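Structure, as structure tokens:
A note on names: the letters A, B, ... follow the listed sequences, proteins ahead of strands, and every chain is numbered from 1. Keep in mind it's a predicted model, so treat the numbers as computed, not measured. Keep in mind that the numbers below use all heavy atoms, side chains included, and drop hydrogens, waters and symmetry copies.
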Amino acid sequence: MMTRGRSSAFPKVVIERDTESEESSSSDDEGEDGPEPETSEEEEGEEKEQEGEGLPERGSGDGKEETLADAKKKGKAPITISLKKVCKVCKKPGHEAGFKGATYIDCPMKPCFLCKMPGHTTMACPHRVASEHGVAPAPHRNTQNPVEYVFERQLIPRTRQCKPAYVIPNQVSCAVIRYHSRRVTCLEFHPRNNNLLLSGDKKGQLGVWDFDKVSEKVVYGTIHSCILNNMRFNPTNDGMIYSSSSDGTISYTDLETGISSSLMNLNPDGWQGPSSWRMLYGMDVNAERGLVLVADTAGLLYLVDTRSNNETGRAVLIHKKGSKVVGLHCNPVQPDLLLSCGNDHFARIWDMRKLEAGGSLYNLAHKRVVNSAYFSPMSGTKILTTAQDNRLRIWDSIFGDMDSPSREIVHSHDFNRHLTPFRAEWDPKDSSETLAVVGCYISENFNGTALHPIDFIDTGTGQLVAEVMDPNITTISPVNKLHPRDDVLASGSSRSLFIWRPKEKSDFVEKKEERKILFCGKAEKKKPGKNVGNESEDDSDCDGFNSKGKRSKFSKKELICKSKRKVKR
DNA sequence: ATTCAATGCATCC
DNA sequence: TGGATGCCCTTGAA
């Protein structure tokens, strides 16, 4: 427990004891001797309570000698501190939230952490156990305006008439690498080289990893000075990438040399304080128009000509003034359609020919911040959004309308300041345009280990089709990307990167509507031993992981982790 | 084993 | 509108 100096300028502290809870708390303390008023547990509660009262500092325990009279004499209002055990979430006594083993116990005073509805906890949430969720199918739209005409005439003919089933492997292997020193923020597969994965991190570094040779990687550290938010390949030269960053620049980088030039800098005068600093988040490349589109934290969209590498036209306010635009996506078949999303709780569809503030074609309303919005990869007729209200939404321009989503899927992907925001992404290979991948925030107790799966969701039904996890990987994977051609999933989890592949081609199974498939790595997770110092991997089937489930060699060498068997829940 | 801190950002007043 | 506030399942280093 930390000891701090006392400041006499602050009110005195009066401790309110609760004998009943004192007894119970000491009995909780794993067979400690008799009631002891200064258990660390109690002090922790005391500290928290005090912070809640806004008292910055206090003495280390002698506050108990202060009395109400003392405090009154000195003209300070006394602060009463409870020694009762309190819930760390709601600060109320009588219950405690947090992990009990590998199971997280919710605070009952708060709405469900998963679906955000009051009256039940995450454990009892119907969305946690149901394999399918979703709103009623959207009503048929009426075709009145010109955009709908464009949709009907140009996009509908490109959609597949019958829906082929995607296939899911039932075993995966996982390659692991760690070269980022801060958490991973974005991933991108090379458009031609099947084994090349690009990764950006919070520090602004860019990693290039040949995951087939595993050990072949390069890290470029000077492209950006802070968060690398998005990157895209130059459609006419796949040796070059564009990247947007919170340092306010777009960099144009040669992947071979790491030499980059800055196409744009929103902070030419450097740091003038937080109010004037601009960051670039959403970015995409419009190949047909030869443009890099990028949007900032003020709600503005900028266009950069890829031929001259200069900004073109004027910045357009596309989201609420002063709000961050986190995502931009150009329609894959209709280059005049642009999708944006941001912190003003909207995803918006734009006509590139008529870009002006307030001139969006559609505004897709969400209950909270929209982390990402993507057109479906082949026809571009559907939109998948990830919002911080723990819902994935599908907006269908053909079979639904743009006034309301055609489906909402409750899924845990909350905001947390320590995590890269979750983004659900389409499977670019799924011609039925239904399969999506997204990381999961809440954990599941899996053989005694709390694991955070990567979920595959059939957006057509809301069904959770598969969950990918490995008992050795206990961290959350908010960043996920499916390979454009191969059956490969890349994940960014904290500072590590993972490549998941089917163990063998023959392992593929047809999609099954009623069955939730779970596949993962080593199924037998051994209980953590007492002798933590033992780094032996003798009893491990998984290179780089020891039997304690600790990642012992991540930073020392690159690893391949083989999955063992399929596990059903 | 436990503690700490990084330092983003939505929301509230 | 802008500054203060406070954060429910983090992560990894000390």
Residues that A/Ala436 engages under side-chain contact (heavy atoms from CB on, under 4.5 Å), provided they are two or more places apart: A/Leu384, A/Thr459
A/Val326: partners by side-chain contact (heavy atoms from CB on, under 4.5 Å), with sequence neighbours left out: A/Tyr281, A/Lys324, A/Cys341, A/Asn343
Touch class at under 4.0 angstrom, heavy-atom based, for A/Lys202 against every strand present: sugar-phosphate
Counterpart residues, side-chain hydrogen bond (donor to acceptor under 3.5 Å, both in side chains), relative to A/Tyr220 (two or more places apart): none
Atom-to-atom span, CD of A/Gln388 to C1' of B/dG8 - whole angstrom: 11 Å
Integer-rounded Å distance: B/dA10 C1' and A/Asp389 CG: 14 Å
Interatomic distance, A/Asn371 CG vs B/dC9 C1' [rounded to whole Å]: 12 Å
Interatomic distance, A/His180 NE2 vs C/dA13 C1' [rounded to whole Å]: 20 Å
Sugar-phosphate, base or nothing in reach of A/Asn343, heavy atoms under 4.0 Å: sugar-phosphate
Interatomic distance where NE2 belongs to A/His345 and C1' belongs to B/dC9 [whole Å]: 11 Å
Distance, P atom - from C/dA14 to B/dT7, rounded to whole angstrom: 15 Å
A/Tyr281 side-chain N/O to B/dC9 phosphate OP1/OP2 under 4.0 Å: yes
Sugar-phosphate only, base, or nothing, as touched by A/Arg368 at under 4.0 Å among non-hydrogen atoms: sugar-phosphate
A/His418 ring over B/dA6 six-membered base ring, under 5.5 Å and 30°: yes
Centroid-centroid under 6.0 Å between A/His413 and A/Tyr441 rings: no
Distance, rounded to the nearest Å, where A/Lys320 contributes NZ and B/dA10 contributes C1': 11 Å
Would you give me the side-chain donor-acceptor pairs under 3.5 Å for residues 113-121 of chain A, sequence neighbours excluded?
unit_1	atom_1	unit_2	atom_2	d
A/Lys116	NZ	A/Phe113	O	3.0
A/Lys116	NZ	A/Asp414	OD1	3.4
A/Lys116	NZ	A/Asp414	OD2	2.8

A/Trp209 and A/His180 aromatic centres sub-6.0 Å: no
Separation of C/dT11 P from A/Leu451 CG (nearest whole Å): 12 Å
5′-ward residue of the pair A/Lys367/A/Arg182 relative to DNA chain B: A/Arg182
Gap between atoms CG and C1', on A/Asp201 and C/dT11 respectively (whole Å): 15 Å
Give me, pair by pair, the N or O atoms of the protein and of nucleotides 7-9 of chain C that are less than 3.5 Å apart, along with how far apart they are.
unit_1	atom_1	unit_2	atom_2	d
C/dC8	N4	A/Pro111	O	3.0
C/dC9	O2	A/Ser443	N	3.3
C/dC9	O2	A/Ser443	OG	2.7
C/dC9	N3	A/Ser443	N	3.3
C/dC9	N4	A/Arg128	NH1	3.4

For A/Tyr302, all residues meeting ring pair (Phe, Tyr, Trp, His ring centres under 6.0 Å), sequence neighbours excluded: none
